[in-house]
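We use all heavy atoms of the structure for the numbers below, so side chains are in, but hydrogens, waters and symmetry mates are not.
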Amino acid sequence: MTTGVVLSTPRLTLRPARWDDLDAMHAVLSDPRATRWWSTPPHQTLDQTRAWLGSMIDSPPELADDFVVEFEGRVVGKAGFFRLPEIGFILHPDAQGRGLGLEAAQAVIAHVFATRDLDRLTAEADPDNTASIALLTRLGFRETGRAERTLLVGDVWVDSVWLVLDRTDFSAACNP
């Protein structure tokens with residue numbers, strides 16, 4: 001669980017998850033467009049999302065630093081570190097294509113580097129998820145490897161590309 005920290009960007013508020021985020025997060029996690037590249041198939045029931053949200057809320061702060069993303073007063077996704085040092089993010093399709101993912105990722109990465117003794121962060125993406133890979137690259141992540149059939153999502157095997165971000169590379173990418 002994030003320790004009560006609230007992050008603000010020009011357009012977003014990133015805050016700890018709460019139980020009243022259930023419906024908004026279910027709208028994200030049940031949408032096949034949002035979960036196309038996610039680590040699970042779209043949620044079929046509110047109970048699936050309730051269990052997912054509970055794990056986010058109850059995650060130990062020494063292992064996690066995760067946030068829900070609010071845009072224009074409503075929850076549109078999540079960004080952060082469910083398990084440090086790996087970043088993850090997902091936005092509702094209605095919020096995609098506006099640079100909000102980049103804005104949220106920059107905020108959570110800056111926060112983690114400012115508050116944690118970590119020199120590098122990691123990410124994993126499907127090689128076909130060119131939008132996320134481009135976002136991560138823009139933040140300074142660099143590819144470290146690829147493999148086929150690394151994750152079973154529902155009944156489909158997907159491939160992976162792994163990326164790493166060193167603290168100095170993030171600073172350089174955000175302050176060219």
Side-chain angles (χ1 to χ4, degrees), residues 1-31 33-125 131-132 135-136 138-141 163-165 167 170-171 173-174:
M1 167 177 90
T2 304
T3 57
V5 172
V6 175
L7 308 176
S8 296
T9 72
R11 299 180 294 168
L12 305 174
T13 300
L14 296 100
R15 61 164 177 78
R18 306 183 303 238
W19 284 111
D20 62 351
D21 297 323
L22 179 61
D23 289 336
M25 286 309 305
H26 185 67
V28 175
L29 294 168
S30 65
D31 191 312
R33 299 168 300 163
T35 59
R36 180 173 180 201
W37 309 112
W38 197 238
S39 57
T40 64
H43 288 190
Q44 298 298 311
T45 68
L46 207 53
D47 284 339
Q48 282 179 283
T49 306
R50 184 176 291 109
W52 178 90
L53 185 62
S55 67
M56 186 176 176
I57 291 170
D58 295 337
S59 213
E62 63 275 8
L63 300 178
D65 217 344
D66 224 356
F67 300 85
V68 295
V69 178
E70 288 184 358
F71 174 62
E72 296 179 342
R74 61 184 240 281
V75 172
V76 297
K78 86 101 188 166
F81 303 85
F82 180 70
R83 285 295 175 263
L84 287 159
E86 185 174 355
I87 192 169
F89 44 86
I90 187 169
L91 293 177
H92 190 279
D94 294 346
Q96 294 175 2
R98 304 178 194 189
L100 301 178
L102 179 65
E103 194 171 319
Q106 282 177 318
V108 298
I109 291 169
H111 165 72
V112 163
F113 277 145
T115 60
R116 306 280 182 144
D117 187 23
L118 295 170
D119 290 325
R120 67 178 20 183
L121 304 175
T122 62
E124 183 271 333
S132 283
L135 183 154
L136 292 164
R138 188 165 172 198
L139 291 165
F141 279 85
L163 304 105
V164 66
L165 174 66
R167 181 183 293 268
F170 177 67
S171 296
C174 291

Return the minimal non-hydrogen interatomic distance between Leu163 and Leu136, and the atom names on each side. CD1-CD1, 3.9 Å
Donor-acceptor contact present, side-chain Asp31 to main-chain Val28, <3.5 Å: no
Steps toward side chain to side chain contact (heavy atoms under 4.5 Å, CB included) verdict (Leu102, Arg138): CA-CA 8 Å; Leu102 179 65; Arg138 188 165 172 198; 3.2 Å; yes
Can Thr45 and Gln48 be said to form a side chain to side chain contact (heavy atoms under 4.5 Å, CB included), step by step? CA-CA 5 Å; Thr45 68; Gln48 282 179 283; 3.5 Å; yes
To the nearest 0.5 Å, atom CZ of Phe141 lies from atom CZ of Arg120 at 11.0 Å
Could you tell me the separation between the NE2 atom of His26 and the CH2 atom of Trp52, rounded to the nearest 0.5 Å? 12.5 Å
Rounded to the nearest 0.5 Å, what's the gap from CH2 on Trp19 to CG on Leu53? Could you check? 5.0 Å
Looking at Leu100 and Ala95, what are the two nearest heavy atoms and their distance? CD1-O, 3.4 Å
Gap between atom OG of Ser132 and atom CZ of Arg36 - 0.5 Å precision: 11.0 Å
Which atom names give the shortest non-hydrogen contact between Asp21 and Pro16, and what distance separates them? OD2-O, 4.3 Å
Only one of Asp119, Thr122, Leu118, Ile109 passes side-chain contact (heavy atoms from CB on, under 4.5 Å) with Leu165; say which it is. Ile109
Who are the side chain to side chain contact (heavy atoms under 4.5 Å, CB included) partners of Pro42, not counting sequence neighbours? Pro32, Thr35, Gln44
Review item, side-chain donor-acceptor pairs of residues 76-94, under 3.5 Å, at least two apart:
unit_1: Lys78; atom_1: NZ; unit_2: Asp66; atom_2: OD1; d: 2.8
unit_1: Lys78; atom_1: NZ; unit_2: Asp66; atom_2: OD2; d: 3.2
unit_1: Lys78; atom_1: NZ; unit_2: Gly88; atom_2: O; d: 3.4
unit_1: Arg83; atom_1: NH1; unit_2: Ser59; atom_2: OG; d: 2.5
unit_1: His92; atom_1: ND1; unit_2: Asp94; atom_2: N; d: 3.0

Kindly give the heavy-atom pair with the smallest separation between Val75 and Arg15, and that separation in Å. CG2-NH2, 3.4 Å
With a 4.5 Å heavy-atom cut-off, do Val108 and Asp65 have their side chains touching? no
Go through the steps for His43 and Thr49 under the test side chain to side chain donor-acceptor pair (under 3.5 Å), then give the verdict. CA-CA 7 Å; His43 288 190; Thr49 306; 2.8 Å; yes
Is the closest side-chain heavy-atom distance between Gln106 and Leu139 below 4.5 Å? yes
Which class fits the ring pair Phe113 and Phe170: parallel under 30°, tilted 30 to 60°, perpendicular over 60°? tilted
Which atom pairs, donor and acceptor, lie under 3.5 Å between side-chain atoms of residues 4-12 and protein residues at least two apart or in another chain?
unit_1: Thr9; atom_1: OG1; unit_2: Arg11; atom_2: N; d: 3.4
unit_1: Thr9; atom_1: OG1; unit_2: Leu12; atom_2: N; d: 2.9
unit_1: Thr9; atom_1: OG1; unit_2: Glu103; atom_2: OE2; d: 2.4
unit_1: Arg11; atom_1: NE; unit_2: Glu103; atom_2: OE1; d: 2.8
unit_1: Arg11; atom_1: NH1; unit_2: Arg98; atom_2: O; d: 3.0
unit_1: Arg11; atom_1: NH2; unit_2: Arg98; atom_2: O; d: 3.0
unit_1: Arg11; atom_1: NH2; unit_2: Glu103; atom_2: OE1; d: 2.9

Any heavy-atom pair between the side chains of Leu29 and Trp38 that's under 4.5 Å? yes
Walk me through it: do Leu46 and Leu22 pass the test side chain to side chain contact (heavy atoms under 4.5 Å, CB included)? CA-CA 8 Å; Leu46 207 53; Leu22 179 61; 3.9 Å; yes
Roughly how far apart are Ser30 OG and Met25 CE, rounded to 0.5 Å? 10.0 Å
